[in-house]
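See structure below.
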Amino acid sequence: MTIHTHDLLSFGLPDPQHAVLTVWRSALALSPRTAAACHDAYRMHQLVETGLGTVTTTGNRHGRTLYAAARAPATTPKHPRQALTAGRPHTLLVQTLSPPDWTTHQNTGLITHATTQTVHQTWTTGDSVEIRTIASPLVTKNNEDKKRMRVPLKHPAQCGAWLHERLTRAGCQLAPHDITIDTPETTHQRGQTLTLRQFHATATLHDPHAFTHLLTKGLGHHRAWGAGLVLARKTAKK
């Protein structure tokens with residue numbers, strides 16, 4: 001049998017112009033007592049991780065689990081210079097890389113309903129894409145003791161530049177005016193304040209594999225606490 005080199009390459013190397021994303025996304029409706037507890041992002045993280053089922057029920061669960069919370073309206077702080085306080089979560093959108101099993105949470109009343117769908121997307125060089133994410137824009141700086149610490153970005157222009165840099169690294173072409181940013185909201189994780197912003201961006205893909213990696217791994221810091229899930233869909237080219 002004769003094997004030609006070009007046959008091996010075409011079979012063994014990924015197509016640089018196309019990338020495929022397959023994930024599972026679940027919408028979890030929280031019971032009132034769960035919603036109250038999940039006002040702390042740590043409890044929300046516990047809920048997601050303990051509800052995914054065992055290896056037996058979910059198969060070989062691997063990779064990062066990402067999620068975002070749909071919340072009640074934010075409340076205005078007493079001090080005018082402070083950010084809005086994020087409202088209580090009522091629904092979670094959870095993304096996993098293998099089928100989840102939320103049966104235990106439903107049986108124990110932690111959630112009132114769960115809907116899971118398989119998401120299968122093919123991304124191609126030149127695609128126009130609409131992107132949404134709730135993220136925590138941070139930079140690492142030295143404090144007065146010269147210790148490295150994470151500092152949230154406050155100015156919208158800084159936050160836009162932060163997202164622009166990360167989307168560019170993820171294979172997107174976009175201009176600064178292609179990004180819009182909502183007002184910041186703060187939430188808490190065991191007493192630590194987390195600043196979240198919702199971003200909306202439009203871009204053109206030039207590296208589908210880098211973009212699919214972003215959709216799989218998430219964006220920025222605090223991904224364990226409900227930040228960094230990136231949602232994307234194709235749009236009509238202008």
Side-chain angles (χ1 to χ4, degrees), residues 6 8-26 48 59-68 93-100 117-140 148 150-153 156-182 194-238:
H6 68 273
L8 289 176
L9 291 177
S10 63
F11 185 79
L13 294 179
D15 184 347
Q17 303 300 316
H18 302 275
V20 176
L21 173 75
T22 300
V23 294
W24 284 259
R25 290 187 184 143
S26 303
V48 171
N60 183 22
R61 187 163 70 88
H62 60 284
R64 178 176 290 276
T65 298
L66 301 168
Y67 64 97
L93 179 63
V94 184
Q95 176 177 292
T96 56
L97 300 184
S98 57
Q117 293 183 342
T118 306
V119 177
H120 187 81
Q121 297 175 330
T122 300
W123 297 104
T124 304
T125 299
D127 280 344
S128 296
V129 58
E130 178 183 358
I131 300 166
R132 290 185 182 273
T133 184
I134 296 174
S136 181
L138 301 170
V139 292
T140 304
R148 303 291 283 172
R150 293 172 181 172
V151 180
L153 296 173
Q158 293 176 322
C159 296
W162 176 87
L163 182 67
H164 185 278
E165 178 186 358
R166 281 150 182 80
L167 290 181
T168 299
R169 292 203 306 253
C172 297
Q173 294 177 331
L174 68 168
H177 64 262
D178 292 328
I179 298 173
T180 57
I181 310 167
D182 284 357
L194 309 178
T195 301
L196 303 176
R197 284 182 180 267
Q198 181 165 273
F199 295 87
H200 173 261
T202 55
T204 301
L205 293 189
H206 68 86
D207 187 340
H209 289 276
F211 186 63
T212 301
H213 181 79
L214 174 71
L215 298 180
T216 301
K217 299 300 182 182
L219 174 72
H221 295 289
H222 298 323
R223 282 172 281 179
W225 318 123
L229 171 62
V230 179
L231 304 177
R233 63 182 179 184
K234 295 180 184 179
T235 60
K237 295 183 180 181
K238 297 180 181 180

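In what follows, every heavy atom counts, from backbone to side chain, and hydrogens, waters and symmetry copies are set aside.
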Run the side-chain contact (heavy atoms from CB on, under 4.5 Å) test on Thr204 and Leu174 for me, step by step, so that the C-alpha distance in whole Å, both residues' side-chain angles and the decisive distance to 0.1 Å come before the verdict.
CA-CA 7 Å; Thr204 301; Leu174 68 168; over 6 Å; no
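- In this structure, the side-chain contact (heavy atoms from CB on, under 4.5 Å) partners of Asp15, at least two apart in sequence or on a different chain, are Gln17, His18.
- Atom OG1 of Thr168 sits about 7.0 Å away from atom NE2 of His206, to the nearest 0.5 Å.
- Glu165 meets the side chain to side chain donor-acceptor pair (under 3.5 Å) test with Arg169; sequence neighbours excluded.
- A distance of 5.0 Å separates CG in Leu21 from OG1 in Thr216, rounded to the nearest 0.5 Å.
- From Leu163, atom CG reaches atom CG of Leu219 across 6.0 Å, with rounding to the nearest 0.5 Å.
- The main-chain N or O of Thr96 is never found under 3.5 Å from a side-chain atom of Thr65 such that the two would form a donor-acceptor pair.
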Determine, stepwise, if the pair Lys217 / Arg223 fulfils side-chain contact (heavy atoms from CB on, under 4.5 Å).
CA-CA 9 Å; Lys217 299 300 182 182; Arg223 282 172 281 179; 4.3 Å; yes
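- When all heavy atoms of Pro156 and Ile181 are compared, the pair lying nearest together is O-CD1, 3.2 Å.
- When all heavy atoms of Cys159 and Leu153 are compared, the closest pair comes out as SG-O, 3.6 Å.
- One distance of note links CG of Leu196 with NE2 of His222; it measures 8.0 Å at 0.5 Å rounding.
- With a 4.5 Å cut-off on side-chain heavy atoms, Leu205 and Thr125 do not count as touching.
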With a 3.5 Å cut-off and sequence neighbours excluded, list the donor-acceptor pairs that the side chains of residues 225-233 form with protein atoms.
| from | atom 1 | to | atom 2 | distance (Å) |
| --- | --- | --- | --- | --- |
| Arg233 | NE | Glu130 | OE1 | 3.0 |
| Arg233 | NH2 | Glu130 | OE1 | 3.2 |

Show your reasoning for whether side-chain contact (heavy atoms from CB on, under 4.5 Å) applies to Phe211 and Asp207.
CA-CA 6 Å; Phe211 186 63; Asp207 187 340; over 6 Å; no
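- Listed by chain and residue number, nothing satisfies the ring pair (Phe, Tyr, Trp, His ring centres under 6.0 Å) test with Tyr67 (two or more places apart in sequence, or in another chain).
- Here Gln173 pairs with nothing under the side chain to side chain donor-acceptor pair (under 3.5 Å) rule; sequence neighbours left out.
- Scored by the side chain to side chain donor-acceptor pair (under 3.5 Å) test, Trp162 finds no partners at all (sequence neighbours excluded).
- For the side-chain contact (heavy atoms from CB on, under 4.5 Å) test, residues two or more places apart in sequence or in another chain that qualify with Thr22 are Val20, Trp24, Thr118, His120.
- Contacts of His221 classified as side-chain contact (heavy atoms from CB on, under 4.5 Å), with partners at least two apart in sequence or in another chain: Leu138, Arg150.
- For Ala19, the side-chain contact (heavy atoms from CB on, under 4.5 Å) partners at least two apart in sequence or on another chain are Pro208, His209, Thr212.
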Worked check of side-chain contact (heavy atoms from CB on, under 4.5 Å) between Cys172 and Ile131
CA-CA 10 Å; Cys172 297; Ile131 300 166; 4.2 Å; yes
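- In this structure, Asp182 CG and Thr180 OG1 are separated by 7.0 Å, a value rounded to the nearest 0.5 Å.
- The side chain to side chain donor-acceptor pair (under 3.5 Å) check on Arg25 picks up Gln95, with sequence neighbours excluded.
- For the atom pair Thr235 OG1 and Asp127 CG, the distance stands at 8.5 Å (nearest 0.5 Å).
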